[in-house]
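Numbers restart at 1 for each chain; the letters A, B, ... are given by sequence-line order, proteins then strands.
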Amino acid sequence: MSERHLIELQVNGEPHELLVEARETLVDVLRHRVGATGTHVACEHGICGACTVLIDGEPARSCLVLGVMADGHEIRTVESLADESGLNDLQEAFTACHSLQCGFCTPGMLMLAEGGIPHLEDTSREEVRELVSANLCRCTGYETIVDAVEQVAQQRRSEDPTVTEGASA
Amino acid sequence: MKPAPVSYHRASSVSDAVDLLTTLGEESKVIAGGQSLVPMMSFRLARPEHLVDITRIPGLDSIELADDELTIGALATHQAVLESPVVRHSAGHGLIARTMRHVGHLPIRTRGTVGGSIAHADGSAEWPLLAVLFGARVVAEGVAGEREVPAEELFFGLYTTCLEPDEIVTRVIFPPAKGATGFAEYGLRHGDFALAAAGVVLPSAVGATDARVVVSGAAPAPTRLPATEAAVAAGASDEALRQSVMADLDELEVDDDYQRDLVTGMVIKAVKEARTR
C-alpha cells in the first residue's frame with residue numbers, strides 16, 4: 001500500500017522530480033520533499049488557510065490537495081514573493097501596516113492575497129474583508145491585514161486596471 | 001491528521017474511470033477537487049483503498065448554454081461558475097452564479113467542483129439545493145451506460161445518492177428558472193456550512209402555480225416545501241409565508257425551534273430578494 005509515484009512539480013520556477021506517496025498532501029510534499037518550509041501547516045483540514053499556496057496562479061489550500069494530483073502543475077509559495085531587490089509590495093505593506101504578530105498565518109495570508117487580488121472586482125474594503133476571511137489569524141484581529149491587502153489591491157489595480165466581470169451582472 | 005495509505009489511479013477518460021471503479025471495487029472512490037474527500041481522509045472518516053483521479057479527463061469542465069438549458073461539466077469549479085459570463089448573463093441562471101459567493105472561500109472555490117459537490121451530497125451544500133430548485137438533471141455514466149437522474153430523485157439523505165458505485169457524474173443540466181429568483185443562507189461565519197438555506201423561484205406569470213421553494217436545514221437532503229410554494233405563487237405576505245413554512249416543517253417533523261426559525265427566516269429573505277429583482 002505504500003506505493004510511490006514519480007511526479008514533476010514546478011516550485012517557484014524550479015523543476016522538481018519527486019517520489020511521493022499517494023496519501024501525501026501537497027503541503028507535506030513541499031515541506032518535506034522540496035524543503036520549502038515557508039508554507040506553514042496547521043489544521044490540516046482546510047479550515048485555517050495557513051498552508052495557502054498558488055497552483056497555476058490560483059490560491060489553494062495545500063493540505064486539501066494530494067501531491068500526486070499536483071503533478072505537472074506550477075506551484076508558488078511564499079518564498080517566491082521576495083527577490084534580490086527585497087520584499088515585494090505585499091510583504092512591505094504587511095510590515096508597514098503591522099499585519100502580523102506571531103507570523104504563523106502570514107505565509108498563507110500573503111499567498112491568499114497574491115492570488116486573490118486579481119479576483120477582486122472593485123477592491124472595496126468589504127470585498128477585501130471577504131477575501132481575507134478565508135484564512136484564520138489569532139493575533140491581529142484582521143484589521144491590519146485587511147489594511148495591507150486593501151492598500152496593495154488598490155495600488156496594483158491603479159497600475160493595471162484589468163477589466164473584471166461585475167458581480168451584480 | 002494524515003490520510004491513511006491509499007493507492008492512486010489516474011483516469012484518462014470517463015470509460016477508463018468507470019473501468020477502474022469496476023475493477024477496483026467498492027473500496028474505491030472518485031476524486032476531483034478533493035475539497036471534501038481529502039479532509040475526510042485526513043480525519044480518517046473516509047478510508048478508501050483506491051482513489052480514481054478524474055481531473056485529467058479532457059472536456060469535463062465546460063459550461064455551456066444551449067436551448068436555454070445550462071450544462072455544467074462535472075469538473076467545472078465553483079469559481080469558474082461564479083466568474084462565468086455565460087452563467088451570469090443567462091436570464092434563467094443568474095442565481096447560480098450569485099449563489100457561488102456562499103460556497104466556502106476563494107481557495108476552496110478554485111479547486112472544488114460541481115460534480116464533486118453533487119456526488120458528495122452534503123445536505124447543507126449549495127449545489128444539491130440549486131439542483132433541486134432548478135429541477136436539474138444529473139448525468140451519470142457507468143458500466144450500464146449513461147443515464148439522466150432528476151435531482152429530486154438523486155439525493156436520498158445525508159451524503160447519500162442513488163448513484164451506483166461504478167457511476168460518475170459527468171455533467172449537470174439546469175433548465176432555466178421561469179420566474180425571478182432568490183437565495184439566502186445562514187451560517188455562523190461567512191463560508192461556513194449553512195445551518196439553513198433557501199432558494200426560491202417566483203411563478204413564471206401572475207396566477208401561475210409553478211413557484212419553487214427548496215430549503216436545506218429541514219431534512220438530511222434539500223427539500224421542496226409544497227405549502228410554501230403555493231403561498232409564494234399566491235403572493236403571500238411575510239406572515240402568511242411564515243405560517244406556510246411552519247406547516248411544511250410540521251409535515252417534515254422538524255421540531256427544533258431554532259432550526260424552524262432559521263429555515264423560515266431564510267425563506268422570507270430569499271422570497272424578498274426574488275420579489276425585488
If you draw a 6.0 Å radius around [atom1] in [X], do more than 12 non-hydrogen atoms from other residues or ligands fall strictly inside?
X         : atom1 : result
Phe104(A) : CZ    : yes
Glu159(A) : CD    : yes
Arg129(A) : CZ    : no

field: Side chains of Leu66(A) and Ile31(B) in contact at under 4.5 Å (non-hydrogen atoms)
entry: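 SC-SC contact between Leu66(A) and Ile31(B) confirmed.
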Ile55(A) vs Thr110(B) side-chain heavy atoms within contact, under 4.5 Å: no
query: By side chain to side chain contact (heavy atoms under 4.5 Å, CB included), which residues pair with Phe43(B), not counting sequence neighbours?
result: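 Listed in chain order: His45(A), Met1(B), Leu45(B).
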So, taking the atom named [atom1] in [X] and the one named [atom2] in [Y], what distance separates them when rounded to the nearest 0.5 Å?
X         : Y         : atom1 : atom2 : answer
Thr55(B)  : Asp71(A)  : OG1   : CG    : 10.0 Å
His105(B) : Leu112(A) : NE2   : CG    : 9.5 Å
Leu37(B)  : Leu64(A)  : CG    : CG    : 10.5 Å

- request: Quick one: which of Glu58(A), Met69(A), His5(A), Glu130(A) has the most heavy-atom pairs under 4.5 Å with chain B, could you say?
  value: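 Maximum pair count with chain B is reached by Met69(A).
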message: Please identify, among Met40(B), Arg109(B), Gln79(B), Met41(B), the residue contributing the most non-hydrogen atom pairs under 4.5 Å to chain A.
response: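 Highest number of heavy-atom pairs under 4.5 Å: Gln79(B).
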Distance-minimising heavy-atom pair for Val38(B) and Cys63(A):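 Closest approach of Val38(B) to Cys63(A): CG1-O, 3.5 Å.
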Proximal component of [X], with respect to chain A [non-hydrogen, under 4.5 Å]:
X         : answer
Arg189(B) : neither
Ile108(B) : side chain
Ala97(B)  : neither

query: Within the distance-only criterion (no hydrogens, no angle test), does the side chain of Arg23(A) pair as donor or acceptor with the backbone N or O of Pro3(B) below 3.5 angstrom?
result: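 Side chain of Arg23(A) to backbone of Pro3(B), a donor-acceptor pair under 3.5 Å: yes, one is there.
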message: Closer than 3.5 angstrom, by distance alone: can the side chain of Arg61(A) be matched with the main-chain N or O of Gln35(B) as a donor-acceptor pair?
response: no
field: For Lys2(B), the option from Glu44(A), Glu24(A), Glu21(A) that meets side chain to side chain donor-acceptor pair (under 3.5 Å)
entry: Glu44(A)
